[in-house]
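Throughout, protein chains are lettered first and strands after them, A, B, ... in sequence-line order, and every chain is numbered starting at 1. Atoms considered below: every heavy atom in the structure, side chains included; atoms not considered: hydrogens, waters and symmetry mates.
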Number of protein chains: 2
Amino acid sequence: MMSEDSIKEYLRERALKATPIRVGLLSLLSERESAIPYSEIQENLKSFDRVTLYRTLNALIDGGIVHKASTSGDETYYALCSQKCSKHCHKHEHIHFKCTACHEVSCVHIEQAIKISIPNFQIEEVSVEVKGVCDKCCK
Amino acid sequence: MMSEDSIKEYLRERALKATPIRVGLLSLLSERESAIPYSEIQENLKSFDRVTLYRTLNALIDGGIVHKASTSGDETYYALCSQKCSKHCHKHEHIHFKCTACHEVSCVHIEQAIKISIPNFQIEEVSVEVKGVCDKCCK
DNA sequence: TTTTCAAATGCAACAATGTTGCATCAAAAA
DNA sequence: TTTTTGATGCAACATTGTTGCATTTGAAAA
């Protein structure tokens with residue numbers, strides 16, 4: 001959860017103008033712990049043009065503020081990056097977990113690094129998506 | 001690489017009629033080692049209706065014969081399942097590797113199982129997608 | 001505060017992707 | 001060969017995503 005002022009400051013730090021749709025998108029993403037599907041973002045920001053929303057999402061992904069999560073399903077989910085990401089370095093040391101019960105997608109930070117090596121292959125990026133039942137639904 | 005006859009037999013084993021588009025799709029997928037992007041499949045099978053292709057892909061995925069690979073990029077890739085998959089159990093003990101040089105997507109079988117555990121979460125399925133440079137392009 | 005200007009927006013038009021209903025056709029079994 | 005269930009093709013539609021361009025606006029300079 002971020003205040004409007006801190007969102008604006010955050011945007012300016014990244015050389016992005018603090019426009020209403022950007023502030024709206026970041027508010028939405030920051031007040032939720034889980035990643036949010038595109039359709040829900042669209043619903044929440046439907047006062048803005050659809051094209052503008054696409055451009056906003058791309059601009060914020062480009063700026064290292066937002067990332068796509070769980071693209072393997074039908075819908076694309078979006079979530080805030082940890083503040084360590086930059087324009088040219090989207091590093092996510094977490095996995096995306098999609099709960100098959102509540103359908104929430106969350107970014108789970110894991111202790112052990114995932115290391116994969118394949119002979120003669122040069123690994124640049126590993127993304128892991130896990131499906132199952134989350135702690136809330138396991139109760 | 002599978003013969004037309006073995007493809008037909010394979011389909012019937014799974015209670016799927018051996019129609020021309022299904023045989024065509026499976027021929028295409030089996031004569032290639034890597035996963036194939038939708039656009040290329042579409043191009044190869046353009047004599048068939050676009051709708052029929054979608055239904056064919058879904059039917060074969062449903063039947064445990066084909067799976068989607070590397071959905072996180074822009075395009076969906078498709079590949080043959082190992083013959084162990086069934087209608088209700090798509091188990092893939094491999095990762096999807098997308099080469100950033102040649103853009104080929106391949107299913108790489110890895111020795112060590114990927115085990116991920118998160119406290120209080122029940123894990124059902126783990127999918128791993130790796131980007132980097134493949135052995136052919138590393139030379 | 002007002003001016004300035006690059007960047008962001010909204011709109012129109014388009015392209016690609018994916019889905020549904022329905023009449024017709026064909027694969028596989030009787 | 002006939003039958004029948006499931007697959008196909010076509011039309012129409014829905015969603016997702018993109019591009020060009022005129023207009024507006026955020027933020028910095030005057």
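- For A:T56, a side-chain nitrogen or oxygen approaches OP1 or OP2 of C:dT9 to under 4.0 Å.
- Looking at heavy atoms from C-beta onward, A:I65 lies in side-chain contact with A:L16 at the 4.5 angstrom threshold.
- The interatomic distance linking B:D49 (CG) with D:dT8 (P) rounds to 10 Å, in whole Å.
- One finds no side-chain N or O of A:R50 lying less than 4.0 angstrom from the OP1 or OP2 phosphate oxygen of D:dT16.
- Side chain of B:T56 to backbone of B:I21: no donor-acceptor contact under 3.5 angstrom is found.
- With rounding to whole Å, B:I61 atom CD1 is found 13 Å from C:dG18 atom C1'.
- At whole-Å resolution of the value, CG in B:L11 and P in D:dG6 are 16 Å apart.
- OP1 or OP2 of C:dA26 has not a single side-chain nitrogen or oxygen of B:T19 nearer than 4.0 Å.
- Taking 4.5 Å as the limit, some side-chain heavy atom of A:C107 sits within range of a side-chain heavy atom of A:H67.
- Listed nucleotides C:dT19, D:dG17, C:dA27 differ in distance to B:V51; the shortest reach to its side chain belongs to C:dT19.
- Heavy atoms of A:A18 sit under 4.0 angstrom from primed sugar atoms or phosphate atoms, though from no base atom.
- Although no hydrogens or angles enter the test, the distance criterion places no donor-acceptor pair under 3.5 Å between the side chain of A:E104 and the main chain of A:S34.
- In this pair, B:F97 and A:F121 present their aromatic rings perpendicular. The plane angle is above 60°, beyond the 30 to 60° band.
- Closest to the side chain of B:F48, from the set C:dG10, D:dG9, C:dT17, is D:dG9.
- Contact annotation: B:R55 does not reach the phosphate of D:dA7 (side-chain N/O to OP1 or OP2, under 4.0 Å).
- The phosphate of D:dT18 (OP1 or OP2) has a side-chain N or O of A:N58 nearer than 4.0 angstrom.
- Atoms CD (A:E75) and C1' (C:dG18) sit 14 Å apart, rounded to a whole Å.
- Rounded to whole angstrom, the span from the OH atom of B:Y54 across to the C1' atom of D:dT15 amounts to 11 Å.
- B:L53 places its CG atom 14 Å from the C1' atom of C:dT19, with the value rounded to the nearest Å.
- Distance from the side chain of B:K17 is smallest to C:dA26 among C:dA26, D:dC10, D:dT8.
- At the phosphate of C:dG10, OP1 or OP2 sits under 4.0 Å from a side-chain N or O atom of A:T52.
- Separating the NZ atom of B:K8 from the P atom of C:dA27 is a distance of 8 Å, rounded to the nearest angstrom.
- Residue B:L16 places its side chain closer to D:dA7 than to any other of D:dA7, C:dC11, D:dA11.
- Residue whose closest nucleotide on DNA chain C sits further toward the 5' end, between A:A15 and B:Q42: A:A15.
- Residue B:E43 contributes atom CD, which lies 12 Å from atom P of C:dT17 at whole-angstrom precision.
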